Amino acid sequence: MTMRQMTVPFPRRPKYGETEIAAVTYLLRSGSLSEIGRGPACAALEDAFAAAAGTTHALSFNSGTASLHAALHAAGATPDAGVAMSPMTWISAITVAFHAGSFPLFADLTEDSPNLDPAQIDPANCSAVLVTHAWGVPAALREFTGLPVPIVEDCSHAHGALYQGRPVGSWGAAGCFSLQESKAVSGGEGGIMTTSDSALYQRAMTVGHHPYRLAAELTHPDPLPLAGASYKFRIPALSAVIAREQLRSLPSRMSDSATNLTLLTQLIDAMGLPLAPMAVPDGSVRGWYGTPFTMLQPVLDPDALNAACTAARLPVRALYPDWLTTPLLQQPAVIERYWPHMRGRWTPPDVRDFPRYQRFRQQTLILKIPDLPVPDYMHQLAAVLATTLRSL
């Protein structure tokens, strides 16, 4: 029978289950929701993330954006040389270069990948490189490690992901994770930076943590006073305890997502559909924040494709807007209003300089994969995908 529309809603676990509710209740009954130092809720989350990433340190923040800001500051991003990055990311991962007193230097994607191409980077022009593991696909980190500038990993889509058997967030000078509600590990809001560089860890702390914590932990000489920059980036204790419980359940949820994707891929192959999940590097494990599929036939109208998928109730996730074309990046006066250090210095990007990025936007379909066992749903998903793609 032809399936023209999904007949069941997208399968979901409760975003916050009994363990998260118990952790929040325990914290509320303790009578203290604010940790100005490295309190028990904050410490438990940081220790768990450091263990998961295989790093010496983890530092919590009130958002993934704040963690990126602090990491770029600590890594030495400067106004004299920019931060090399891909445009295939959320806008906050672009503006953090400005926040840290530098600016974005856009480079194109690797062929058949959503990630930054290391061959496009000129180390002479940048003070840091921001490598995003876009849509959970680990970037080719080994190809970045030889660059003579610090590498900061944006792991916001890639909680639990591995590159060549080693956790993302441990390859660069620092790794940064978002804990926003749509992410695989959520505190509602929040962020984490991982690193094995103790000096970088302490420099990052000075951007937004409380002077009480700075006084307790800083040992490296630094021209900043113990008051730090006082951006007030520390994580709320409520977010910390929720995210700690989410991290515990991540491996089982990742396993169920992987099983579902394997089944869907087998069904797509059996039906001969012109669609394939984007591969991850050998020896690597993807994260889960929407899974990119490559359309194997030319897509003449991506908007029509997404509209047809939406009408069929397929679990599609929209690509990010093309930030390169937005007024923020195309109008120097807007940049200069927010970041005065850029006065007279910003050149708007030319979209024609990024052909692989444009092709990715043209030929990619992002599907959400459930994180619980649902073989019947995956069979229906494949059947509706077949009807939808064949009708275009």
Side-chain angles (χ1 to χ4, degrees), residues 2-12 86-94 108-109 111-115 132-137 156-158 180-184 257 260-261 263-265 267-269 271-279 286-329 351-352 354-371 374 377-392:
T2 299
M3 294 291 298
R4 298 188 178 277
Q5 193 178 73
M6 299 296 295
T7 59
V8 293
F10 184 78
R12 300 180 187 276
S86 158
M88 180 49 65
T89 188
W90 180 245
I91 188 62
S92 298
I94 295 172
D108 208 355
L109 308 183
E111 189 71 40
D112 299 322
S113 168
N115 294 321
T132 298
H133 304 293
W135 308 108
V137 176
S156 297
H157 294 182
Q180 189 269 341
E181 190 158 83
S182 65
K183 304 304 190 296
S257 293
N260 288 332
L261 178 59
L263 174 57
L264 179 61
T265 303
L267 294 169
I268 286 172
D269 289 344
M271 294 175 179
L273 302 183
L275 190 67
M278 195 156 287
R286 72 174 71 235
W288 299 95
Y289 182 73
T291 300
F293 283 72
T294 300
M295 293 294 298
L296 302 178
Q297 295 176 353
V299 177
L300 301 180
D301 188 344
D303 291 337
L305 170 62
N306 277 279
C309 290
T310 301
R313 298 181 182 174
L314 289 165
V316 292
R317 184 186 291 276
L319 282 174
Y320 293 140
D322 185 358
W323 306 117
L324 298 179
T325 65
T326 58
L328 177 65
L329 297 182
V351 296
R352 294 171 296 184
F354 310 96
R356 292 174 182 169
Y357 166 70
Q358 298 298 342
R359 183 179 184 278
F360 181 91
R361 297 187 62 82
Q362 189 88 7
Q363 293 293 133
T364 302
L365 189 67
I366 306 292
L367 291 176
K368 294 181 286 186
I369 304 297
D371 64 354
V374 284
Y377 179 86
M378 302 315 291
H379 277 271
Q380 186 177 117
L381 172 55
V384 176
L385 266 173
T387 303
T388 304
L389 295 181
R390 289 167 180 162
S391 69
L392 294 174

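The shown structure was predicted, so the numbers you read here are calculated from the model rather than taken from an experiment.
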Any donor-acceptor pair under 3.5 Å from Q363 side chain to Q297 backbone: yes
Main chain of A311, side chain of Q5: is a donor-acceptor contact present, judged purely on distance under 3.5 Å? yes
Between the main-chain N or O of L328 and the side-chain N or O of W323, is there a donor-acceptor pair closer than 3.5 Å? no
Taken to the nearest 0.5 Å, the spacing of I366 CD1 from C309 SG works out to 11.5 Å
Which distance, rounded to the nearest 0.5 Å, do you find between the OG1 of T294 and the CD of Q362? 13.0 Å
Side chain to side chain contact (heavy atoms under 4.5 Å, CB included) for F360 and M278? Distances and angles first, verdict last. CA-CA 11 Å; F360 181 91; M278 195 156 287; 3.5 Å; yes
Any idea which heavy atoms bring H157 and H133 closest together, and the distance? CB-O, 3.5 Å
Starting at CG of L264, measure out to CG of L275 and round the result to the nearest 0.5 Å. 8.0 Å
Hey, what do you get for CG (L389) to CE (M271), rounding to the nearest 0.5 Å? 10.5 Å
Determine yes or no for a side-chain-to-main-chain donor-acceptor pair under 3.5 angstrom, with R356 supplying the side chain and L109 the backbone. yes
Are the side chain of R361 and the backbone of P302 linked by a donor-acceptor contact shorter than 3.5 Å? no
So, for P370 and N260, which heavy atoms are closest and what is the spacing to 0.1 Å? O-ND2, 2.9 Å
Straight-line distance of Q180 CD to S92 OG, nearest 0.5 Å: 10.0 Å
Residue pair A382 / L273: nearest heavy atoms and the distance that separates them: O-CD1, 4.2 Å
In terms of heavy-atom contacts, S257 and I369 come closest through O-CG2, 3.5 Å
Test your reading of the model: is there a side-chain donor-acceptor pair from N115 to the backbone of V137, 3.5 Å cut-off? yes
To the nearest 0.5 Å, atom CG of L300 lies from atom CG of L305 at 11.0 Å
Minimal non-hydrogen separation, V351 against T325, with atom names: CG1-CG2, 3.6 Å
Please report the shortest heavy-atom distance between Y357 and P321, naming the atom on each side. OH-O, 4.3 Å
Determine whether F10 and L381 satisfy the following criterion, side chain to side chain contact (heavy atoms under 4.5 Å, CB included), listing intermediate values before the conclusion. CA-CA 10 Å; F10 184 78; L381 172 55; over 6 Å; no
L324/F354 under side chain to side chain contact (heavy atoms under 4.5 Å, CB included): CA gap, chis, key distance, verdict: CA-CA 10 Å; L324 298 179; F354 310 96; 3.6 Å; yes
Does any part of the side chain of K368, heavy atoms only, come nearer than 4.5 Å to the side chain of L314, both counted from C-beta? no
Starting from the C-alpha separation in whole Å, work towards a yes-or-no answer on side chain to side chain contact (heavy atoms under 4.5 Å, CB included) for R313 and T7. CA-CA 8 Å; R313 298 181 182 174; T7 59; over 6 Å; no
Looking at side-chain heavy atoms only, is the closest gap between L385 and L267 below 4.5 Å? no
Ring centers of Y320, W135 separated by less than 6.0 Å: yes
